[in-house]
Amino acid sequence: MIMFSIRANNFSLEQIAESGQCFRMKASAAKVYTIISGDRYVKAYQLYDQITFSCSYKEYEDYWKKYLDLDSDADYIAIDKLINKSNDEYIKKAYAFGSGIRILKQDTWEMIISYIISQNNNIPRIKKTIEKICRKYGRLISEKDDIYSFPTPDMIDENTLEDDELGLGYRAEYLKNIISYIKEHPEYITTLELASYEKAVENLKGHKGIGPKVSNCICLFALHHTGAFPIDTHIKKIIAANYPDGFDSGYYGDYQGIVQQYMFYYDLNNVQEEDEE
DNA sequence: CTCCAGGGCAGCG
DNA sequence: CGCTGCCATGGA
């Protein structure tokens, strides 16, 4: 098998997989993570700061390096300094807990669909629904590992999205609308990727089923606008419990999206303590 | 049984 | 503008 290794700080496959920003990354019993994006996949294994990938150096350089945000080490050094010099004890705890998180650069089309599904939904069910969509419309890309691609727009028949097996509920109509729109405007995704953060958010919000939260998630996890700060139920809960005078995400400027992810991950995975008051 | 989940929309004022 | 009730689905 072709393999390739790198070393990295501020990087944890486990934390990224459990961070809730990606829905198709999963670990096998041997702590080997399968990372899937569009019609590609790679397996990765981490021992301390060494990460080994089941792909060639070229494939890593061409795609996975950027996908995993491993070309942005300087940003994570900068945010480490920014958090350490602040006096925000909650953020310091959240950062200490999840400092191996990176903001992935995921496929734009895949994130549009995934985050529309995510609304008023929970992570395990979001993952199941996306898996069903891939099996229903996607292509078998690994028989050995039983992996299906995320379908492209033309692989999806909008008229079957309401099938009970998918369990999309009222979200089926939202998907139908955006998929039809993208089929009629093939340049849409590229236009989004070239747009500024402000224009991308506004444009995304113009579609049914995409509001402030979903649009900011797409901006953060696909378009890599790390100044985006999606506010969901967890972030609201964190702010209510820890910031009686409100939370000024602007302090972290272009890195506030990364801070948001530390907060989210800490709230999601640090289950002991908390819940007093 | 109720409550909740990476919210958004329509319909108000 | 901001606020409120409703929206499908499934797991706890």
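Numbers restart at 1 for each chain; the letters A, B, ... are given by sequence-line order, proteins then strands.
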Q: CG of A/Leu192 to SG of A/Cys219: how many Å apart, nearest 0.5 Å?
A: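 One finds 8.0 Å between CG of A/Leu192 and SG of A/Cys219.
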
Q: Take the angle between the ring planes of A/Phe4 and A/Tyr60 and call it parallel below 30°, perpendicular above 60°, tilted in between.
A: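 Ring orientation, 0 to 90° scale: tilted.
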
Q: Between A/Glu158 and A/Lys183, is the closest basic N to carboxylate O distance under 4.0 Å?
A: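 Salt bridge between A/Lys183 and A/Glu158, a charged N being under 4.0 Å from a carboxylate O: yes.
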
Q: State whether A/Lys132 and A/Glu165 are salt-bridged, where the test is any N-O pair (Lys NZ or Arg NE/NH1/NH2 against Asp/Glu carboxylate O) under 4.0 Å.
A: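 So A/Lys132 does not pair with A/Glu165 through a salt bridge.
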
Q: Within this structure, what is the CG-to-P distance between A/Asn269 and B/dG6, rounded to whole angstrom?
A: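 After rounding, the gap between these two atoms is 11 Å.
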
Q: Looking at residues 201-214 of chain A, who's got a heavy atom less than 4.0 Å off DNA chain B?
A: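 Going residue by residue through residues 201-214 of chain A, the ones with a heavy atom under 4.0 Å of DNA chain B turn out to be A/His207, A/Lys208, A/Gly209, A/Ile210, A/Gly211, A/Pro212, A/Lys213, A/Val214.
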
Q: Could you measure between the two P atoms, the one in C/dC3 and the one in B/dG6, and give it in whole Å?
A: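 Taking atom P in both C/dC3 and B/dG6, they lie 24 Å apart.
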
Q: Which whole-number value in Å describes the distance from A/Leu268 CG to B/dC4 P?
A: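 The answer, rounded to whole Å, is 17 Å.
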
Q: Stepwise, does the side chain to side chain donor-acceptor pair (under 3.5 Å) test hold for A/Asn203 with A/Tyr188?
A: CA-CA 10 Å; A/Asn203 190 302; A/Tyr188 179 64; 2.8 Å; yes

Q: For the side chain of A/Ser72 and the backbone of A/Asp75, is there at least one donor-acceptor N/O pair under 3.5 Å apart?
A: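 Not a single qualifying donor-acceptor pair exists.
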
Q: What distance do A/Ile101 atom CD1 and A/Glu18 atom CD have between them, rounded to the nearest 0.5 Å?
A: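 Atom-to-atom, A/Ile101:CD1 and A/Glu18:CD are 10.5 Å apart.
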
Q: Taking OP1 and OP2 of B/dG7, is either one under 4.0 Å from a side-chain nitrogen or oxygen of A/Thr233?
A: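 Answer yes for this pair, as a side-chain N or O of A/Thr233 is under 4.0 Å from OP1 or OP2.
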
Q: Each nucleotide N or O in nucleotides 1-7 of chain C that has a protein N or O under 3.5 Å away: list the pair and distance.
A:
none

Q: Give me the distance, rounded to whole Å, that separates C/dG5 from B/dC3 when you measure between the P atoms they each carry.
A: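 Nearest-Å result for C/dG5 against B/dC3 at atom P: 14 Å.
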
Q: Check this for me: does any side-chain nitrogen of one of A/Asp267 and A/Lys237 sit under 4.0 Å from a carboxylate oxygen of the other?
A: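 Looking at A/Asp267 and A/Lys237, the cut-off is met.
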
Q: Could you tell me whether the side chain of A/Trp64 and the main chain of A/Ile35 form a donor-acceptor pair under 3.5 Å?
A: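 Not at all, since once roles are kept as given, no pair shorter than 3.5 Å links the two residues.
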
Q: For A/Gln261, answer base if it contacts any base atom (sugar-phosphate contacts may also be present), sugar-phosphate if it contacts only those atoms, and nothing otherwise; contact means non-hydrogen atoms under 4.0 Å.
A: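 Base: the residue A/Gln261, judged by heavy atoms under 4.0 Å, touches a nucleobase.
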
Q: Select base, sugar-phosphate, or nothing to describe what A/Ser19 touches, counting heavy atoms under 4.0 Å on all strands.
A: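 Result for A/Ser19 = base.
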
Q: Without decimals, in angstroms, what is the distance between A/Lys237 NZ and B/dA5 P?
A: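 Computing the A/Lys237:NZ to B/dA5:P distance gives 7 Å.
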
Q: Look at all strands and tell whether A/Phe221 reaches a base, only sugar-phosphate, or nothing, counting heavy atoms closer than 4.0 Å.
A: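 If one applies the 4.0 Å heavy-atom cut-off, A/Phe221 turns out to touch a base.
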
Q: Please report, rounded to the nearest Å, how far the P atom of B/dG6 is from the CZ atom of A/Arg24.
A: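 Result: 19 Å.
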
Q: Please check this pair: side chain of A/Gln119 against backbone of A/Gly209, looking for a donor-acceptor N/O pair closer than 3.5 Å.
A: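 Checked: pair present.
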
Q: For nucleotides 10-12 of chain C, which of its nitrogen or oxygen atoms have a protein nitrogen or oxygen under 3.5 Å away, and what is each distance?
A:
none

Q: Check the distance between B/dG6's P and A/Ile103's CD1 and give it to me in whole angstrom.
A: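 It works out to 17 Å between those atoms.
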
Q: Give me the distance, rounded to whole Å, that separates C/dA8 from B/dC4 when you measure between the C1' atoms they each carry.
A: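 Their C1' atoms lie roughly 14 Å apart.
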
Q: Can you confirm whether A/Tyr174 sits close enough to A/His207 that some side-chain heavy atom of one is under 4.5 Å from a side-chain heavy atom of the other?
A: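 They are not in side-chain contact.
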
Q: Whole-Å distance between C/dA8 P and A/Asn121 CG?
A: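 That distance rounds to 14 Å.
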
Q: Could you say whether the aromatic ring of A/Tyr115 and the base of B/dG6 stack, counting only centre distances under 5.5 Å and plane angles under 30°?
A: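 No.
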
Q: Between A/Ile239 (CD1) and B/dG6 (P), how many Å, whole number?
A: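 Rounding to the nearest Å, CD1 of A/Ile239 and P of B/dG6 are 16 Å apart.
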
